[in-house]
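One structure is given here, and the rest of the page talks about it.
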2 protein chains.
Amino acid sequence: MHKRSRKPARRGATASGLVFSFLETAEAVEARLEAAVNPLGLSLAKLAVLHFLADAKEPLPLSALAERQHCVRSNITQLVDRLEKDGLVRRRADSNDRRSVRAALTAAGTRAHAEGMDALRQVQRAIMGPLNAGDAESLRAALKALGS
Amino acid sequence: MHKRSRKPARRGATASGLVFSFLETAEAVEARLEAAVNPLGLSLAKLAVLHFLADAKEPLPLSALAERQHCVRSNITQLVDRLEKDGLVRRRADSNDRRSVRAALTAAGTRAHAEGMDALRQVQRAIMGPLNAGDAESLRAALKALGS
DNA sequence: GACCGATCGTTCATTGGTGAACTAACGCCT
DNA sequence: AGGCGTTAGTTCACCAATGAACGATCGGTC
């Protein structure tokens, strides 16, 4: 037809693609992190559990892990199942509360955590490398605006 | 010990938290999109399949769907299983290639696609609302830098 | 001390994704 | 025509996450 009268109405056009670009980039970034820890026999989910355990410096109840991981309890049950099978974590009974089960790091778990965090730090730097200070700052601002 | 000699070495410090902020925000955004289409009996994965089918305007081989979805073929097999159970898609044999199976939109599928895309557009605008033009532009730039 | 509501971990079914192994069919190629 | 490498879809086992249902236990409160 003929040209648009009035405003270009690009309002929606800018936004639409951007959301999915955002998600695709996030997916790619996550894949890079995952790929960095996979060779160590770890996943991001497993490493996160090890990290909370190492951070607390004492065995934590599974519900505490669920809370920090922002996930449901049943997920932690299975994650700890696998970590236990890997020999990185051990379930210990809580003497004060017989409902509670605490996850404790094994020696292998402590080692795996150190290695995993190391690999993670490296790839994190690699990812953020191409961003100069200004880029980083405006990205931070955009994230804050999005996470309303 | 004593203060750092030389450079502040903030280089890593800025980057480290940022990667995970990025991923967390992405997760939150994705959850909002998911929540927008869930009430319609859809998921983002299902809607994407419907979208490719509607876009092509003809039944597509499952491998074509896998390619566009950037996922493995076995995933599409199961996704189409569920979509077929929902009555949104039908499997049709390909007369030219007997190995191939094409996914075809049903009438219900076409309807669901329209509704889903509608809901999606709305929530997309809501998400990008708090970003002014400058924010959007610098976000775009940052994404380009990250998606190396 | 007995009941009752909340909390803790587990189990199960479902969704979504991967990768390996397998069968059927296609296309060459000589 | 026969043989062989490739492609298409499925199946299976696994990882990660959700949500509902359930049994055990803990804390009041009555």
Side-chain angles (χ1 to χ4, degrees), chain A residues 23-24 26-28 30-35 37-50 59-86 88-104 116, chain B residues 23-24 26-28 30-31 33-35 37-50 59-86 88-104:
Chain A
L23 294 188
E24 275 167 42
E27 212 171 326
E30 198 175 355
R32 286 180 72 177
L33 299 182
E34 200 80 50
V37 299
N38 279 359
L40 306 174
L42 290 175
S43 62
L44 290 182
K46 286 180 179 176
L47 183 52
V49 169
L50 298 185
L60 289 178
L62 302 202
S63 38
L65 287 174
E67 208 168 330
R68 297 174 206 215
Q69 203 94 325
H70 305 301
C71 74
V72 298
R73 295 191 316 279
S74 60
N75 191 23
I76 296 295
T77 295
Q78 304 173 67
L79 214 38
V80 169
D81 281 351
R82 292 189 291 269
L83 283 167
E84 214 170 14
K85 206 173 301 179
D86 293 347
L88 306 181
V89 144
R90 243 176 36 223
R91 275 183 169 88
R92 282 189 79 56
D94 186 328
S95 38
N96 289 54
D97 187 341
R98 278 193 297 171
R99 292 171 301 178
S100 178
V101 175
R102 301 184 98 100
Chain B
L23 294 187
E24 275 166 45
E27 212 171 326
E30 197 175 356
L33 299 182
E34 201 79 50
V37 299
N38 278 359
L40 307 172
L42 290 175
S43 62
L44 290 182
K46 286 179 179 177
L47 182 52
V49 169
L50 298 185
L60 289 178
L62 301 202
S63 38
L65 287 174
E67 209 168 328
R68 298 175 203 214
Q69 204 94 325
H70 306 299
C71 74
V72 299
R73 296 193 312 282
S74 59
N75 190 22
I76 296 296
T77 295
Q78 303 172 64
L79 212 39
V80 170
D81 281 351
R82 293 190 290 269
L83 283 167
E84 215 170 11
K85 206 173 301 180
D86 294 346
L88 306 181
V89 145
R90 242 174 38 222
R91 275 183 169 87
R92 282 189 80 54
D94 185 329
S95 39
N96 288 52
D97 186 341
R98 278 193 296 170
R99 293 170 301 179
S100 177
V101 176
R102 302 185 98 100

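Both backbone and side-chain heavy atoms feed into the values below; hydrogens, waters and symmetry mates do not.
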Is Asn75(A) touching bases, backbone alone, or none of the nucleic acid, heavy atoms closer than 4.0 Å?
base
Just call it for Val101(A): base, sugar-phosphate, or nothing, with non-hydrogen atoms closer than 4.0 Å on any strand.
sugar-phosphate
Non-hydrogen side-chain atoms of Leu88(A) and Leu42(A) separated by less than 4.5 Å
yes
CZ of Arg82(A) to OG1 of Thr77(A), rounded to nearest 0.5 Å, is 10.5 Å
Rounded to whole Å, CD of Gln78(A) lies from P of dA16(D) at a distance of 10 Å
Measure the shortest side-chain to side-chain distance between Arg91(A) and Asp81(A) over non-hydrogen atoms and say whether it is less than 4.5 angstrom.
yes
Distance below 4.0 Å between Arg98(A) side-chain N/O and dA24(D) OP1 or OP2
no
Could you tell me the separation between the CD atom of Glu34(B) and the C1' atom of dG17(C), rounded to a whole number of Å?
13 Å
Could you grab the distance from atom CD of Glu67(B) to atom CZ of Arg73(B), nearest 0.5 Å is fine?
11.0 Å
Note, Leu33(B) side chain near Leu23(A) side chain (heavy atom, < 4.5 Å):
yes
Rounded off to whole Å, could you give me the CG-to-C1' distance for the Leu65(A) and dT7(C) pair?
16 Å
Quickly work out the Leu47(A) CG to dC15(D) P distance and round it to whole Å.
16 Å
Arg99(A) or Ile76(A), whichever maps to the more 5' nucleotide of DNA chain C
Arg99(A)
When you compare the protein's N or O atoms with those of nucleotides 20-22 of chain D, which come within less than 3.5 Å of each other, and at what distance?
none

From Leu44(B) CG over to Glu34(B) CD, what is the distance, rounded to the nearest 0.5 angstrom?
4.0 Å
Heavy atoms only, 4.0 Å cut-off, all strands: where does Ser63(B) land among base, sugar-phosphate and nothing?
sugar-phosphate
Take the protein atom CG of Asp94(B) and the nucleotide atom C1' of dT7(D), then report the distance between them rounded to whole Å.
13 Å
Side-chain atoms of Cys71(B) come closest, of dT18(C), dA24(D), dT10(C), to dT18(C)
With a 4.0 Å cutoff (strictly under), does any side-chain N or O of Ser100(A) reach OP1 or OP2 of dT25(D)?
no
Closest to the 5' end of DNA chain D, once Ala45(A) and Asn96(A) are matched to their nearest nucleotides, is Ala45(A)
For a 4.5 angstrom cut-off between non-hydrogen side-chain atoms, does Arg102(B) reach Leu65(B)?
no
How long is the line joining CG of Asp81(A) and P of dT10(C), in whole Å?
7 Å
How is Lys85(A) classified with respect to the nucleic acid when contacts are heavy atoms under 4.0 Å: base, sugar-phosphate, or nothing?
nothing
Arg91(B) vs dA8(D): side-chain N/O to OP1/OP2 distance below 4.0 Å
no
Report the distance from atom CG of Leu83(B) to atom C1' of dG16(C), rounded to the nearest whole Å.
12 Å
CD of Glu67(A) versus C1' of dC8(C): gap in Å, rounded?
13 Å
Residue pair Gln69(B) / Ile76(B), side-chain heavy-atom distance below 4.5 Å
yes
